[in-house]
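In what follows, every heavy atom counts, from backbone to side chain, and hydrogens, waters and symmetry copies are set aside. All residue numbers refer to positions in the sequence shown, counting from 1.
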Amino acid sequence: MQLSGNKVRKLEFLMAGAIAEGADSVITIGGIQSNHCRATAVAAKYLNLDPFLILRTSKLLVDQDPALVGNLLVERLVGASLQLISKEEYAQIGSVTLANLLKQKLIKEGRRPYVIPVGGSNSLGTWGYIEAIREIELQIQSGTSNVKFDDIVVACGSGGTIAGLALGSSLSTLKARVHAFSVCDDPDYFHNFVQGLLDGLKAGVNSGDIVHIQNAKGLGYAMNTSEELNFVKEVAEATGVVLDPVYSGKAAYAMLKDMNENPKKWEGRKILFVHTGGLLGLYDKVDQLASFVGNWERMDVNESVPRQDGIGKMF
């Protein structure tokens, strides 16, 4: 739970970078319920590094204690230093400058910080999902079902995951087409960003040739319609798989919507949907989810029912 999600694969490489550079701390940045920031904080503590997290929140809440909800609880339990910034300040200054400001402050204090970008999405972090494709390839080869996936579908929030999956798939025997459903910025932004990651790896490929990106942000980043949340509940009830409403939930919802609207595009194809984690983010949606999960009642027990103890008395 504390380290789950797609960010862990990127952190395997990014934390190695921090150790190689002799860092004593790491800085990263994200939204107030960032799964990446939580995973980074935990991974840092495993490696005896101090995590510093810059968290984006609303201007109404930026001067208040951010509470102990979801990812924040884990971050605060492991002792991460939280630096709150308003969305307006974030938009005006930018994530790179904000991280650099904190880096310079820590350097003046004698620290050796290592900066990890939003979502761990840089060329080094991309290797996490190139490696994931290799794992998928090996699992298919060692299995007995002879499954061949035509498509890989995944949520896109910062770009590193889709860059790794798309490049890895194009280089592997899979050759599956990667479909990304973006939950924040528009497809043009992500195509350009992914191209930068690919160029950083000297991949020699065009992002538009290896990944198809569609918009799935709906009301906006980390904002959900009742239809999206009800879909998350229906999937959990039908399959036992719990989707994260910010990322995988929106992507799966948009994928099925696209299948209904464009059946010929998907008909007869075998699809691998990559669950990117983020379960702790559900706790931030409890008020909205309450109306969908009212399945409880007081158990009716007649007083005349004879007592029979099970194993281990509680009283």
Side-chain angles (χ1 to χ4, degrees), residues 1-8 31-39 41-43 45-46 55 57-58 60-61 64-80 82 145 153-155 157 181 183 216 218-257 259-260 271-315:
M1 274 286 283
Q2 71 269 25
L3 194 60
S4 67
N6 65 327
K7 309 307 180 187
V8 180
I32 193 69
Q33 280 295 333
S34 168
N35 300 309
H36 162 68
C37 287
R38 176 257 306 154
V42 174
K45 286 294 183 175
Y46 284 168
L55 301 178
T57 187
S58 74
L60 298 176
L61 302 174
Q64 301 178 26
D65 187 305
L68 299 170
V69 177
N71 288 299
L72 286 163
L73 175 58
V74 175
E75 290 161 359
R76 299 180 80 170
L77 276 173
V78 301
L82 309 187
S145 59
V153 177
V154 68
F181 287 92
V183 300
L219 295 176
Y221 178 71
M223 299 168 66
N224 292 101
T225 64
S226 58
E227 290 81 11
E228 288 168 349
L229 291 177
N230 189 52
F231 171 77
V232 168
K233 193 261 184 187
E234 287 176 344
V235 171
E237 194 173 63
T239 67
V241 176
V242 180
L243 299 171
D244 162 48
V246 178
Y247 298 98
S248 58
K250 279 194 173 183
Y253 179 81
M255 176 184 72
L256 291 183
K257 185 170 182 285
M259 286 176 174
N260 285 324
I271 298 151
L272 173 63
F273 183 88
V274 178
H275 192 319
T276 46
L279 183 59
L280 285 164
L282 268 172
Y283 292 96
D284 198 42
K285 303 287 181 182
V286 290
D287 291 339
Q288 284 180 273
L289 284 165
S291 61
F292 303 123
V293 290
N295 46 335
W296 71 275
E297 62 182 358
R298 171 72 160 86
M299 187 174 179
D300 187 18
V301 181
N302 193 298
E303 290 181 2
S304 63
V305 173
R307 174 176 175 149
Q308 184 176 0
D309 279 333
I311 298 171
K313 291 184 179 179
M314 295 183 67
F315 304 102

Tell me the closest heavy-atom pair linking D244 and G281, and the distance in Å.
OD1-CA, 4.4 Å
Quick check: does any side chain N or O of H275 sit under 3.5 Å from a backbone N or O of V242, one acting as donor and the other as acceptor?
yes
Residues that F273 engages under ring pair (Phe, Tyr, Trp, His ring centres under 6.0 Å), provided they are two or more places apart
none
Distance in Å, E75 CD paired with L68 CG, rounded so as to fall on 0.5 Å steps
11.0 Å
Testing the basics here: between P66 and I32, what is the closest heavy-atom pair and its distance to 0.1 Å?
CB-CD1, 4.2 Å
Looking at V78 and K45, what are the two nearest heavy atoms and their distance?
O-CE, 2.7 Å
Backbone of G278 reached by a side-chain donor or acceptor of R38 within 3.5 Å:
no
Please tabulate, one pair per line, all N/O donor-acceptor pairs under 3.5 Å involving side-chain atoms of residues 285-301, not counting sequence neighbours.
unit_1, atom_1, unit_2, atom_2, d
K285, NZ, A222, O, 2.4
K285, NZ, N224, OD1, 3.2
Q288, NE2, N224, O, 3.3

Of all the heavy-atom pairs spanning L55 and L72, show the shortest one and how long it is.
CD1-CD2, 3.7 Å
Can you tell me how far apart SG (C37) and CG (L82) are? Round to the nearest 0.5 Å.
9.0 Å
The test is side-chain contact (heavy atoms from CB on, under 4.5 Å); show your working for F181 and K250 and say whether it passes.
CA-CA 8 Å; F181 287 92; K250 279 194 173 183; over 6 Å; no
Between OH of Y253 and CG of L229, what distance do you get to the nearest 0.5 Å?
10.5 Å
Check: Q33 main-chain N/O paired with N71 side-chain donor or acceptor under 3.5 Å:
yes
Nearest heavy-atom contact between P245 and V232 is CA-CG2, 4.4 Å
Rounded to the nearest 0.5 angstrom, the OG1-CG distance for T276 and L243 is 9.0 Å
Rounded to the nearest 0.5 angstrom, the OH-CG distance for Y46 and L3 is 5.0 Å
Under 4.5 Å between any side-chain heavy atoms of Y247 and N6, yes or no?
no
Could you go through L73 and Y283, starting from their C-alpha distance and side-chain angles, then the distance that decides it, and tell me whether this counts as side-chain contact (heavy atoms from CB on, under 4.5 Å)?
CA-CA 10 Å; L73 175 58; Y283 292 96; over 6 Å; no
Grab the two heavy atoms, one from N35 and one from K7, that are nearest each other, plus how far apart they are.
C-CG, 4.5 Å
Pair listing, salt bridge (Lys or Arg N to Asp or Glu O under 4.0 Å) test, anchored in residues 218-234, at least two apart:
K233-E237
